[in-house]
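First up is the structure itself, then whatever we jot down about it.
Sequence lines set the chain letters: A, B, ... in the order given, protein chains first and strands last, and positions in each chain run from 1. Just so you know, these numbers use all the heavy atoms, side chains as well, and skip hydrogens, waters and symmetry mates.
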Amino acid sequence: MLFSKIFIPTLRETPAEAEAVSHILLLRAGYVRQLAAGLYIYLPLAWRVMGRINRIIREEMGSIGAQEISMPGLHPADIWQETGRWYDIGEEMFRLKDRGGRDMCLGMTHEEIITWLASMEIRSYRNLPQVWYQIQTKFRDEARPRSGILRTREFIMKDSYSFDADEAGLEANYQKHAEAYNRIFRRCGLKFHQVESDPGMMGGATAHEFMATSPAGEDTVVLCAGCGYAANTELAMSVPPPQKLKGDEKDTATEDVATPDKRTVAEVSGFLKADPSCFIKSLLMIGHEGPFLALVRGDQELHEKKLQKVAGNFRVAHKDEVKNILGVEAGSIGPHNSTLKKFADASLKEGVYIAGANREGFHTKGIRPHVHFEAEWHDIHVAREVDKCPKCGAGIVLEKVIEIGNIFKLGAKYSQPLKAVFLDEDGKERPVIMGSYGIGPARIAASAVEQNNDKDGIIWPQSIAPFDVEIIPLDTADRETMDTTEAICRELEKQGIEILVDDRDERPGVKFKDADLIGIPFQIIIGKKGLKDGVVELKQRRTKVTERIAPSEVVSKVKDHLAVS
RNA sequence: CGGGGCGUAGCGCAGCCUGGUAGCGCGCCUGCUUUGGGAGCAGGAUGUCGGAGGUUCGAAUCCUCUCGCCCCGACCA
């Protein structure tokens, strides 16, 4: 491919709206352009990258027996009404009416549609198992699209769905997908983790996410080097360090102390000269069944999602509600002498604590769990790096990550309402057991850029680079330079290696800068200087290491490099 | 949806506070020179100052409304 014939609008300066590294580089290197918030146009280079990623996905999906199909992006509402998601999902679903006034929506995922298909076509256990997938556009009216192509309102997703007769079959398909996903992300050159995740609204018991390491990520995972425990912080357990007592705590008696104008844990902690871990943070929440207290240790933060899982939907009480319900300001709440229902972090099961006295300007010392208050105990704190692994006690590490794939065991969650049933060997009708499995190819691309770049631009992993090699003839008017370029080009193409030739009549500096920015892993630089010595230069984008070699040897050298990378 | 920021030439920005003929750099076009890391010189083109309304003799600048984009948070099947 000739540079002059492919549209690569590189930018010298960074567009103001870009913040994330991948966003900046994909814009600057001429890969994408933004149409509106969360809507992107993929230019030729980006589309080639997507093509390579999707090819890897197709190969690996094929290897586990998945069959590619294609489903509409426009859906009738009634199927979504049958599963209830038409009503459960709010503004995130794009809804519209057709000319006949029928309710429609743009598909944000395809469980409903594929289950409808299964309900129509699968009759017998003999038809099972099936694994169907597609690489197709999804629509989600995100509250806040962000970070370039990382979170968009329209995006391509590889989604597959497994149909089995029983749980054992699901387990097998789930494992196959997990293995295929590991191969896909490894082949795409990503650093990633497979972690336990919250099944959330997808339903089902088991779910894992595939997370690419990146500071631009929206999620955080907890990783244990000791035993391999890995989980999204939304559900990751962790054991906090022991409480730091001063040693002068009294046995059982509680005592109120004046703490004028001190509200936050930090303020009271400094005032009373006690470590934050000696405090109970009490937060008033409004749940479906009325107000309740959430309790965490003073040195910890409450994880609202974890609490939601055990307490149901809730919201933080407003200032005036705190005053009305408890009679004191937020800084003076305590768990003792309160009759409200309480959810407490498990770390509060033991120890002696200071908490708000439930009267203005005072805190109570000497509060003991079980003695002075009872609660429902759960891990509801935000994991920190000072915490220990819940499985093996070793230290844990927190990492920012981008979600690039997920796998869910759905069970009968969709097959039941949509009546996707089959007759088993005994002639008994049973719901199909399902799993659903997603990958975001654009997020793979963005993650690859996030993980592989330097001050000069992108450094693509070989497997998903838009081209394998960029050839840079420095003087396009020079006969020998162009003859050599064409000869090398022909040989490389014969080997199935994809090449971009910068045939533009530009100064060498411009070509070098653009080549580094675009990030094709190898550059072959052909200039008069080198040809005088009978050599061309083979440069690795990542290391900037340059080898001077004879034109006749370039092809085999490139093949050597491609083989190892 | 809550909080913050920004909309001025293709891109990056200044001008706004304190109203008075809209500027700079890069890019673009022409010519000459140059040709191994975003060239030099000379000449040139380019603006509904996001939009609407208002104040004023006069608005990019002040006021009101509105649209869009970005960031933080909430949300995220």
Side-chain angles (χ1 to χ4, degrees), chain A residues 9-20 23-24 27-30 33-39 80 83-93 105 107-113 115 138-148 150-153 155 157 159 161 197-204 207 209 216 218-219 232 234 304-305 308 313-316 318 403 406 408 410 413-414 436-438 440 455-457 472-478 481 502 504-518 523 525-532 536-537 539 544 546 548:
Chain A
T10 58
L11 263 24
R12 187 188 290 234
E13 280 170 297
T14 304
E17 68 266 24
E19 188 108 333
H23 191 194
I24 291 171
L27 239 25
R28 277 198 58 207
R33 287 296 183 262
Q34 183 176 21
L35 173 66
L39 297 174
W80 285 82
T83 60
R85 285 163 114 191
W86 178 264
Y87 312 103
D88 297 340
I89 296 168
E91 290 179 302
E92 210 175 326
M93 181 186 271
C105 64
M108 35 203 320
T109 175
H110 282 76
E111 278 80 15
E112 274 77 2
I113 308 307
T115 309
K138 306 279 185 257
F139 301 89
R140 294 181 190 177
D141 195 358
E142 292 285 350
R144 182 150 93 84
R146 69 184 101 185
S147 308
L150 275 178
R151 187 169 206 81
T152 54
R153 295 193 291 175
F155 59 98
M157 180 166 158
D159 47 321
Y161 306 87
S197 72
D198 180 4
M201 292 275 286
M202 286 290 270
E209 286 165 333
E218 299 178 297
D219 288 292
N232 193 312
E234 289 174 11
E304 296 193 4
K305 273 212 171 132
Q308 193 178 340
N313 276 335
F314 67 88
R315 61 175 175 81
V316 179
H318 303 141
E403 182 185 351
N406 52 42
F408 294 94
L410 299 176
K413 170 160 176 161
Y414 295 93
S436 112
Y437 318 87
K455 66 169 178 26
D456 294 315
I472 306 175
L474 294 182
D475 183 357
T476 51
D478 179 61
T481 299
D502 194 343
R504 295 175 302 168
D505 180 21
E506 284 285 356
R507 300 173 63 82
V510 173
K511 295 189 178 190
F512 290 140
K513 286 287 182 192
D514 274 348
D516 288 349
L517 184 58
I518 290 166
Q523 299 169 10
I525 299 152
I526 301 172
K528 279 189 270 195
K529 266 189 197 170
L531 290 178
K532 216 181 290 170
V536 298
E537 291 157 48
K539 185 174 136 190
K544 301 256 163 94
T546 303
R548 289 163 59 84

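Base-pair partner of U46(B): not found among the strands shown (Watson-Crick or G-U wobble, both distances under 3.5 Å). Base pairing analysis places G36(B) opposite nothing; no Watson-Crick or G-U wobble pair with both distances below 3.5 Å involves it. With a cut-off of 3.5 Å on both Watson-Crick or G-U wobble distances, the partner of G58(B) is given as none. Searching all strands for a Watson-Crick or G-U wobble partner of C69(B) with both distances below 3.5 Å returns G5(B). Pair assignment for A77(B): none, as no Watson-Crick or G-U wobble contacts are both less than 3.5 Å. Within the shown strands, nothing qualifies as a pairing partner of G27(B) under the Watson-Crick or G-U definition with both distances less than 3.5 Å. Checking C17(B) for Watson-Crick or G-U wobble geometry (two distances, each under 3.5 Å) identifies no partner in any strand. Nucleotide U64(B) forms a Watson-Crick or G-U wobble pair with A52(B), both donor-acceptor distances falling under 3.5 Å.
Within the 4.0 angstrom heavy-atom criterion, only backbone atoms of the sugar-phosphate kind lie near Arg140(A); the bases stay farther away. Nucleic acid contact for Ala36(A): sugar-phosphate only, since backbone atoms but no base atoms lie under 4.0 Å from a heavy atom of the residue. Using a 4.0 Å heavy-atom criterion, one finds that Glu537(A) contacts the bases of the nucleic acid, with or without backbone contacts as well. Contacts of Ala37(A) with the nucleic acid, taken as non-hydrogen atoms under 4.0 Å apart, involve only primed sugar atoms and P, OP1 or OP2. Counting non-hydrogen atoms under 4.0 angstrom, Lys138(A) reaches nothing in the nucleic acid. Within 4.0 Å (heavy atoms only), Thr83(A) reaches no atom of the nucleic acid at all. Among the protein residues, Glu304(A) comes within range of no part of the nucleic acid, since none of its heavy atoms lies under 4.0 Å from any strand. At a threshold of 4.0 angstrom between heavy atoms, the contacts of Glu17(A) are confined to the sugar-phosphate backbone, with no base atom among them.
For Ala143(A), the listed nucleotide lying nearest its side chain is A74(B); candidates were G38(B), A74(B), G36(B). The side chain of Pro508(A) has G36(B) as its nearest neighbour among G38(B), G36(B), C11(B). Ranking C13(B), C71(B), G38(B) by closeness to the Arg146(A) side chain, first place goes to C71(B). Ranking C71(B), A77(B), A39(B) by closeness to the Val510(A) side chain, first place goes to A39(B). Checking G36(B), A74(B), C71(B) against the side-chain heavy atoms of Glu19(A) singles out C71(B) as nearest. The side chain of Ile89(A) lies closest to A77(B), out of A77(B), G38(B), A74(B). Set against C70(B), C75(B), G38(B), the side chain of Lys513(A) has G38(B) as its closest nucleotide.
Residues Lys138(A) and His110(A) form a side-chain contact, since some pair of their non-hydrogen atoms from C-beta on lies under 4.5 Å apart. Contact annotation: the side chain of Glu91(A) never approaches that of Asp141(A) to less than 4.5 Å [non-hydrogen atoms, C-beta and beyond]. With a 4.5 Å cut-off on side-chain heavy atoms, Asn232(A) and Asp219(A) count as touching. In this structure, Trp80(A) and Asp88(A) have side chains that are not in contact, with every pair of non-hydrogen atoms separated by 4.5 Å or more. Within the 4.5 Å cutoff, the side chain of Asp456(A) has heavy atoms near those of the Lys544(A) side chain. At least one side-chain heavy atom of Gln523(A) sits less than 4.5 Å from a side-chain heavy atom of Asp516(A).
Protein atom CZ of Arg504(A) is 15 Å distant from nucleotide atom C1' of G36(B), rounded to whole Å. Per the geometry, CZ belonging to Arg548(A) stands 12 Å off C1' belonging to G36(B), to the nearest Å. Remark: P of U34(B) and CG of Leu474(A) are 18 Å apart, rounded to the nearest angstrom. Look at NZ on Lys511(A): it is 13 Å from P on A39(B), rounded to the nearest Å. The CG atom of Leu11(A) sits 12 Å away from the P atom of C13(B) (whole-angstrom rounding).
Spacing between C24(B) and U64(B) at atom P, rounded to whole Å, works out to 33 Å. A gap of 35 Å separates the C1' atoms of U34(B) and U8(B), to the nearest Å. The gap from the P atom of G68(B) to that of G51(B) amounts to 15 Å, rounded to the nearest Å. The same atom, P, is picked in C63(B) and in C26(B); the two are 35 Å apart, to the nearest Å. Spacing of C1' atoms, C75(B) relative to G2(B), comes out at 12 Å, to the nearest Å. Comparing the P positions of G44(B) and G23(B) gives a spacing of 15 Å, expressed to the nearest Å. Across the C1' atoms, A39(B) and G27(B) are found 14 Å apart, a figure rounded to whole Å. Rounded to whole Å, the C1' atom of U46(B) lies 6 Å from the corresponding atom of A9(B).
Contact annotation: side chain of Lys539(A) to base of G37(B), donor-acceptor pair present below 3.5 Å. Below the 3.5 angstrom threshold, one finds no donor paired with an acceptor across the side chain of Asp475(A) and the base of G36(B). A donor-acceptor contact under 3.5 Å links the side chain of Glu13(A) to the base of G25(B). Donor-acceptor pairing under 3.5 Å, judged by distance alone, is present between the side chain of Arg28(A) and the base of G38(B).
In this structure, the side chain of Arg140(A) engages the main chain of Met108(A) through a donor-acceptor pair within 3.5 Å.
Within the 4.0 Å cut-off from OP1 or OP2 of C72(B), at least one side-chain nitrogen or oxygen of Arg144(A) is found. Taking 4.0 angstrom as the limit, Arg12(A) places none of its side-chain polar atoms (N or O) nearer than this to OP1 or OP2 of G38(B). Regarding contacts with the backbone of A39(B), a side-chain N or O of Arg507(A) is found under 4.0 angstrom from either OP1 or OP2.
Nearest-nucleotide assignment on RNA chain B puts the 5′-proximal partner with Ala16(A), out of Lys528(A) and Ala16(A). Comparing Lys305(A) and Ala18(A), the nucleotide of RNA chain B nearest to each residue sits closer to the 5' end for Ala18(A).
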Quiz item: Can Thr109(A) and Arg85(A) be said to form a side chain to side chain contact (heavy atoms under 4.5 Å, CB included), step by step?
Solution: CA-CA 11 Å; Thr109(A) 175; Arg85(A) 285 163 114 191; 3.8 Å; yes
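Between Lys511(A) and Asp502(A), the closest heavy-atom pair is NZ-O, 3.0 Å.
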